[in-house]
Amino acid sequence: ITTTTTTTTVGLTKWLTPNITVRVVSKEFHDGKYYCKKGRVVDVVGPHECIIEIDGGRVIEGVDEDMLETALPRTIGSRVLVVAGENKGRIANLLERDDQNQVVLIKFCDNFEIVTCKMDYVAEFSGYLQL
C-alpha cells in the first residue's frame, strides 16, 4: 500500500455505530480506569454518545465519541465496517494493514471490490452480515 494521507477519528461526523470495536483514548474518563481498553459499541444514544461494553463484560453508559477511537482487528481476513467516507456503512474483510501510513486494504463483502481506506474510517465489526 502506498499513500501518505492520514487523519484522526476526532472530527469525523457521526461515525459511532453499534457493533464496532472501539478503544478508550481519554485518560480522564473514569479516572483513566479504561484508558487504552477495547470495547464494543452496544448502542448509540445520541449523535455523539454511546453505550459500550468493555472487554470483560462491563457496560458503560454516556460515553462521548471524543473519548474513543476506532479499533481494527490484527487478524487479516477479519470483518470491518466502514464508518466514514464515501463507503460508510459497508462491510468488508481486512486484507492488509499499513500502520506506518495509517491505511488499510479492504475487500467489500457485497461486490468484492478492493480499496485502500484510512484506518480511522474503518473499525472491527462484530454484527451480522446483511447483504
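Throughout, numbering of the chain's residues begins at 1 and tracks the sequence. As a basis for the values below, the full set of heavy atoms in this structure was taken, side chains included, without hydrogen atoms, waters or symmetry mates. Please read these numbers as outputs of a predicted model, since none were measured by experiment.
Under the side chain to side chain donor-acceptor pair (under 3.5 Å) criterion, Thr17 pairs with no residue at all, not counting sequence neighbours. With sequence neighbours excluded, no residue forms a side chain to side chain donor-acceptor pair (under 3.5 Å) with Asp64. Listed by chain and number, the residues in a salt bridge (Lys or Arg N to Asp or Glu O under 4.0 Å) with Glu113 are Arg90 (sequence neighbours excluded). Tyr34 pairs by the ring-ring contact (aromatic ring centres under 6.0 Å, His included) definition with His30, not counting sequence neighbours. Ile114 is linked by a side chain to side chain contact (heavy atoms under 4.5 Å, CB included) to Leu95, Leu105, Lys107, counting only residues two or more places apart in sequence or in another chain. Every residue two or more places apart in sequence or in another chain was checked for a side chain to side chain contact (heavy atoms under 4.5 Å, CB included) with Asp31, and none qualifies. Arg23 pairs by the side chain to side chain contact (heavy atoms under 4.5 Å, CB included) definition with Lys38, Glu69, Ala71, not counting sequence neighbours. Glu61 meets the salt bridge (Lys or Arg N to Asp or Glu O under 4.0 Å) test with no other residue; sequence neighbours excluded.
In plain terms, the two heavy atoms of Leu16 and His48 that are nearest each other are CD1-C, 3.8 Å. Across all non-hydrogen atoms, the minimal contact from Val82 to Phe108 is CG2-CE2, 3.8 Å. Between Lys88 and Lys14, the closest heavy-atom pair is NZ-O, 2.7 Å. Of all heavy-atom pairs spanning Pro73 and Val80, the tightest one is CD-CG1, 3.8 Å.
Between atom CD1 of residue Ile91 and atom CG of residue Asn19 there is a gap of 9.5 Å, rounded to the nearest 0.5 Å. Expressed to the nearest 0.5 Å, how far CD of Glu28 lies from CE of Met67 amounts to 9.0 Å. Rounding to the nearest 0.5 Å gives a distance of 9.5 Å between OG of Ser126 and CD of Glu53. In this structure, CD1 in Ile20 is found 11.0 Å from CZ in Arg40, a value given to the nearest 0.5 Å. A distance of 7.0 Å separates SG of Cys117 from CG of Asn87, quoted to the nearest 0.5 Å. A distance of 11.5 Å separates CG in Leu68 from OG1 in Thr21, rounded to the nearest 0.5 Å.
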Test Phe29 against Ile60 for side-chain contact (heavy atoms from CB on, under 4.5 Å), laying out the working first. CA-CA 11 Å; Phe29 182 64; Ile60 305 169; 3.5 Å; yes
Using the rule given for side-chain contact (heavy atoms from CB on, under 4.5 Å), can you reason through Thr70 versus Val122, listing the C-alpha separation, both sets of side-chain angles and the distance that settles it, and then say yes or no? CA-CA 7 Å; Thr70 58; Val122 298; over 6 Å; no
Can Asp99 and Met119 be said to form a side-chain contact (heavy atoms from CB on, under 4.5 Å), step by step? CA-CA 8 Å; Asp99 292 327; Met119 280 186 171; 2.9 Å; yes
Under the criterion side-chain contact (heavy atoms from CB on, under 4.5 Å), I'd like the reasoning laid out for Cys109 against Asn93: C-alpha separation, chi angles, the key distance, then a yes or no. CA-CA 7 Å; Cys109 295; Asn93 289 320; 4.1 Å; yes
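No path of Ile, Leu, Val, Met, Phe, Trp and Tyr side chains, each step under 4.5 Å between heavy atoms, connects Val41 with Val25, placing them in separate hydrophobic clusters. At a threshold of 4.5 Å between side-chain heavy atoms, the hydrophobic network of Ile, Leu, Val, Met, Phe, Trp and Tyr places Leu94 and Val115 in one connected group.
Residue Tyr35 belongs to no hydrophobic cluster, having no ILVMFWY side-chain heavy atom closer than 4.5 Å to its own. Taking Ile, Leu, Val, Met, Phe, Trp and Tyr as hydrophobic and joining them when side-chain heavy atoms fall under 4.5 Å apart, one finds Phe112 isolated, its cluster having no other members. Side-chain contacts under 4.5 Å among hydrophobic residues (ILVMFWY), followed directly or transitively, place Val59 together with Val42, Val45, Ile51.
No donor-acceptor pair under 3.5 Å is formed between the side chain of Thr75 and the backbone N or O of Ser78.
Using a 4.5 Å heavy-atom cutoff, the side chains of Ile52 and Val24 are in contact. The closest side-chain heavy-atom distance from Val22 to Trp15 is below 4.5 Å.
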